[in-house]
Colleague: 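Structure incoming, see below.
Since the model is a prediction, treat every value here as computed from it, not as a measurement. Order of the sequence lines sets the chain letters (A, B, ...), proteins ahead of strands, with each chain counted from 1.
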Number of protein chains: 2
Amino acid sequence: MRNGAPKSALFDAHASVAQALGSGRRAEIVDLLAQAERSVEEIATEISQSVANTSQHLQVLARAGLVRSRRDGTRVYYRLASDRVAELWAAVRDVAVRHVAEVSVLADEYLGDRRGVEPLSSEELSERLARGDVVLLDVRPEPEFLAGHIAGARSTPLEALDELAGKLPKSREIVAYCRGPYCVYADDAVRLLRARGLKARRLDVGYPEWRRAGLPVEIAS
Amino acid sequence: MRNGAPKSALFDAHASVAQALGSGRRAEIVDLLAQAERSVEEIATEISQSVANTSQHLQVLARAGLVRSRRDGTRVYYRLASDRVAELWAAVRDVAVRHVAEVSVLADEYLGDRRGVEPLSSEELSERLARGDVVLLDVRPEPEFLAGHIAGARSTPLEALDELAGKLPKSREIVAYCRGPYCVYADDAVRLLRARGLKARRLDVGYPEWRRAGLPVEIAS
DNA sequence: CATATGCTCAAGTTATCACTTGAATACTTG
DNA sequence: CAAGTATTCAAGTGATAACTTGAGCATATG
């Protein structure tokens with residue numbers, strides 16, 4: 001066996017990538033940035049942390065190569081370094097869902113009452129979009145919709161949904177989607193629409209997963 | 001916005017998976033277990049750590065759901081919880097290779113002089129195996145070969161290679177593979193064979209990647 | 001049933017991490 | 001060029017992690 005030091009160093013370097021994702025707050029950041037780039041302050045607000053702390057987390061992520069930044073005026077915008085990072089995060093979630101019992105309990109707790117929030121797979125949505133027999137709503141905040149959305153979706157942030165609900169057809173099924181499988185917006189939207197007597201379901205994944213699967217997307221220009 | 005506590009807890013739970021991989025020694029263990037299950041003592045030897053420390057690392061991995069164990073007599077054998085874990089590890093390596101500059105430097109340092117160690121892709125090997133115009137050598141330790149190997153490969157641990165080298169055909173190309181892209185055995189084998197005047201190359205990945213790609217494998221029964 | 005083997009547990013040390021607070025920079029705008 | 005905003009840096013604190021050492025358990029064997 002060769003001297004073990006370079007081997008250790010190589011594994012340490014790989015592990016540094018995993019370690020960067022090994023904090024709940026940083027995982028939350030990566031999950032956010034999988035939607036669209038954001039400024040430090042926006043990120044801090046979303047993850048309920050101080051700006052200073054958020055900045056330090058972002059620098060840990062940057063040092064590990066997971067995110068990059070660009071400055072625009074006084075703001076600094078962070079984005080994922082590449083789609084591979086989103087794939088890594090998806091792999092983490094996949095293992096967590098399958099092997100960490102705690103996750104499903106916590107997910108139920110976070111997502112609330114899911115009775116009546118029937119999920120729809122990407123394949124099924126794909127087919128039904130082709131047939132044109134669903135109304136597809138993107139219930140994320142509008143900036144994320146602008147950064148990219150499922151082809152054929154209409155931007156309907158939760159705040160706007162209440163008003164729009166009356167204008168939606170009662171005959172066609174409505175499908176809502178948002179950031180990912182654990183995003184609450186789509187669940188909330190479905191509950192609101194069903195309370196109004198509409199046929200609504202949620203997509204079981206979010207925009208990043210849809211895009212990575214190579215399914216059709218649109219980006220506002 | 002909903003109360004942030006369950007959300008944090010959910011991300012923390014996901015992050016715990018990444019954190020388990022966030023130590024070089026544990027990453028090394030996962031990389032090893034992607035080949036075959038092993039006892040604690042074997043793992044400790046391979047990663048050059050004390051048995052006690054290794055046992056504790058294994059328990060961290062087990063708590064995060066990445067590995068499972070079974071007892072056989074006085075020994076406890078650990079294995080990956082599922083193929084998803086191997087995929088997660090592959091995703092980590094992928095991001096590290098692309099975004100951590102340090103990794104390629106360390107890899108060169110660890111693998112040594114790679115001039116003349118021409119890599120071969122899985123696709124190419126696949127085609128050439130079908131045509132039958134290569135000799136395929138599995139240069140991992142034999143227990144790993146027994147736990148599973150590329151269909152058509154011959155077990156040739158490095159210790160045995162020296163003796164076998166004289167019996168190999170000079171006309172056909174020889175392909176060596178081992179544990180993964182950073183495994184030194186295949187490089188060592190190629191150098192040894194080329195020094196003997198044989199045409200040798202290495203597969204650019206290892207057995208676990210080949211298997212996960214759905215390519216043909218054999219498992220000794 | 002005593003001994004050996006293989007693994008786990010517990011305690012202790014040193015280093016690293018997450019977060020806070022307050023100050024320092026970088027850029028923009030009046 | 002002064003004042004304001006967004007971000008980063010630096011220092012400090014309490015908690016957690018990695019590794020060591022030595023003891024404790026479980027299973028097999030004489």
Colleague: Decide yes or no on side-chain hydrogen bond (donor to acceptor under 3.5 Å, both in side chains) for B:His149 and B:Ser155, but give the supporting numbers first.
Modeller: CA-CA 9 Å; B:His149 54 265; B:Ser155 178; over 6 Å; no
Colleague: Quick one: CG on B:Leu136 to CD1 on B:Ile150, what's the gap to the nearest 0.5 Å?
Modeller: 5.5 Å
Colleague: Show me the protein contacts with nucleotides 19-23 of chain D, counting only N or O atoms at under 3.5 Å.
Modeller:
from, atom 1, to, atom 2, distance (Å)
D:dC19, OP2, B:Asn53, ND2, 3.2
D:dC19, OP2, B:His57, NE2, 2.5
D:dC19, O5', B:Asn53, ND2, 3.1
D:dT20, OP2, B:Ser50, OG, 3.4
D:dT20, O4, B:Gln56, NE2, 3.1

Colleague: Rounded to the nearest Å, what distance is computed from the CG atom of residue B:Asp12 to the P atom of nucleotide D:dA15?
Modeller: 17 Å
Colleague: To the nearest Å, give me how far apart CD1 (A:Ile43) and C1' (D:dT8) are.
Modeller: 14 Å
Colleague: What's the CD-P distance between B:Glu28 and D:dA18, to the nearest Å?
Modeller: 14 Å
Colleague: Over how many whole Å does the gap from A:Leu61 atom CG to C:dC17 atom P extend?
Modeller: 13 Å
Colleague: Give a yes-or-no answer on whether the side chains of B:Arg26 and B:His57 include a donor-acceptor pair shorter than 3.5 Å.
Modeller: yes
Colleague: On the six-membered ring of A:Phe145, is A:Arg140 placed so that its NZ or CZ lies under 6.0 angstrom from the centre and within 45° of the ring axis?
Modeller: no
Colleague: Can you work out whether A:Gln59 or A:Thr74 has the more 5'-proximal nearest nucleotide on DNA chain D?
Modeller: A:Thr74
Colleague: Provide, to the nearest angstrom, the distance between the CZ atom belonging to B:Arg75 and the C1' atom belonging to C:dT8.
Modeller: 16 Å
Colleague: Do B:Glu209 side-chain atoms and B:Gly206 backbone N/O form a donor-acceptor pair below 3.5 Å?
Modeller: yes
Colleague: I need the CG-C1' distance between B:Asp72 and D:dA28, as an integer number of Å.
Modeller: 11 Å
Colleague: Go nucleotide by nucleotide along DNA chain C from the 5' end; which of B:Thr54 and A:Arg71 gets its closest nucleotide reached first?
Modeller: B:Thr54
Colleague: Taking the side chain as everything from C-beta on, heavy atoms only, tell me whether A:Glu37 gets closer than 4.5 Å to A:Ser69.
Modeller: no
Colleague: Across the strands shown, which category fits A:Tyr77 at heavy-atom distances under 4.0 angstrom: base, sugar-phosphate, nothing?
Modeller: nothing
